Amino acid sequence: LFLLGYIKSDFLFIRPIYLTALSIIMYLAIILTASRAGFISSSLILLFAVIKSRPSFSKIIIITLVSLICITIMYKNGIFDTLLYRLFEQGNIDTGGDRTTLWAKVIEKIGQQPVLSQFFGGGYWHRAELSGGSEMHNELLAISADYGFIGLILFLILIVTMILHKDETYKVRLLAVIYYMLIIISLSPFQYVNIGFYIIWILSLRLPSRDYK
């Protein structure tokens, strides 16, 4: 999005082609790593972005046709094989790869901690102790484990301030925040949530305003 902001809107076909190319590259990367949560989150945010832009009927047809062609080509070349295997044949689809089972155990352990630990957490990387050393795949729970309910509330306040902060970059920042939240409730993409959070904030402030009013 940052790069797209510098492409002059006078060039009618450049921006759509560039955006399509970036989307295909992104999907290829996610699909080839067979990240189920990454694939679903990226699909949802792109769908939301298209709907929010209120495209004309002709654009909807073009987007649909291009998507179907790309998906067909990738499917015929076996790009989806590992992802489909992980989704439907590997098992645990009802628990998200045992994610929900792990989350339930962590929530139970948080509830068994002393009251002070519940409110202020057990300190940096206490998550590993509560999860038995497993990756938690949910940064909201991870924050609760490390910094308790107080830390989680402070983090959610930061998210809310990003959503409520209205300026010329609001629309694109809103999409970034929604995508970010979709990712961190099912993955731990940055190992620690603040890194990705501030990357989004810094990039959103630097986006050229003329293209996002």
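In this text the structure is predicted, and so the values were computed from the model without any measurement.
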Taken to the nearest 0.5 Å, the spacing of Tyr85 OH from Arg36 CZ works out to 10.5 Å
(Q) Same cluster or not: Leu141 versus Phe120, using hydrophobic residues (I, L, V, M, F, W, Y) connected whenever any side-chain heavy atoms lie under 4.5 Å apart? (A) no
d(Ile79 CD1, Leu84 CG) to nearest 0.5 Å is 11.5 Å
- Given side-chain contact (heavy atoms from CB on, under 4.5 Å), test Glu139 with Ile183 step by step and report yes or no. CA-CA 9 Å; Glu139 287 295 332; Ile183 287 292; over 6 Å; no
Cluster membership besides Val160, Ile/Leu/Val/Met/Phe/Trp/Tyr side chains within less than 4.5 angstrom, sorted by chain and number, is Leu164
Worksheet item: Linking I/L/V/M/F/W/Y whenever any side-chain heavy atoms sit under 4.5 Å apart, do Ile45 and Ile159 land together?
Response: yes
Discussion item. Testing the 3.5 Å rule here: is there a donor-acceptor pair between the side chains of Ser58 and Ser56?
Written reply: yes
Value for CD (Glu129) from NZ (Lys109), rounded to nearest 0.5 Å, stands at 8.0 Å
- Query: Any sub-3.5 Å donor-acceptor pair from Thr33's side-chain atoms to Ile30's backbone N or O?
  - Reply: yes
Scanning both residues in full, the closest heavy-atom pair of Ser131 with Leu102 reads O-CD1, 3.9 Å
Output for pair (Phe155 CZ, Ser144 OG), nearest 0.5 Å, gives 10.5 Å
Joint hydrophobic cluster, Ile153 plus Leu140, side-chain heavy atoms closer than 4.5 Å: no
Give the C-alpha distance, both sets of side-chain angles, the deciding distance and a yes or no for side-chain contact (heavy atoms from CB on, under 4.5 Å) between Leu154 and Tyr147. CA-CA 10 Å; Leu154 290 174; Tyr147 301 113; over 6 Å; no
| message | Test of understanding: clusters of I, L, V, M, F, W, Y form through side-chain heavy atoms closer than 4.5 Å, transitively. Do Tyr75 and Leu28 belong to the same one? | response | yes
Is there a side-chain contact between Gln113 and Leu130 in this structure, where contact means two heavy atoms from C-beta onward sitting under 4.5 Å apart? yes
* To do: Test Ser186 against Asn138 for side-chain contact (heavy atoms from CB on, under 4.5 Å), laying out the working first.
  => CA-CA 5 Å; Ser186 56; Asn138 187 312; over 6 Å; no
d(Phe149 CZ, Gln118 CD) to nearest 0.5 Å is 5.0 Å
request  = Report yes or no: do Phe80 and Ile73 belong to one cluster of Ile/Leu/Val/Met/Phe/Trp/Tyr joined by side chain heavy-atom distances under 4.5 Å?
outcome  = no
Donor-acceptor under 3.5 Å (Thr161 side chain, Leu158 main chain):
yes
So, the side chain of Asp146 versus the backbone of Arg127: is there a donor-acceptor pair under 3.5 Å, distance only? yes
Output for pair (Leu182 CG, Ser43 OG), nearest 0.5 Å, gives 10.5 Å
Result for side chain to side chain contact (heavy atoms under 4.5 Å, CB included) between Thr64 and one of Ile61, Leu68, Val66, Ile62 points to Leu68
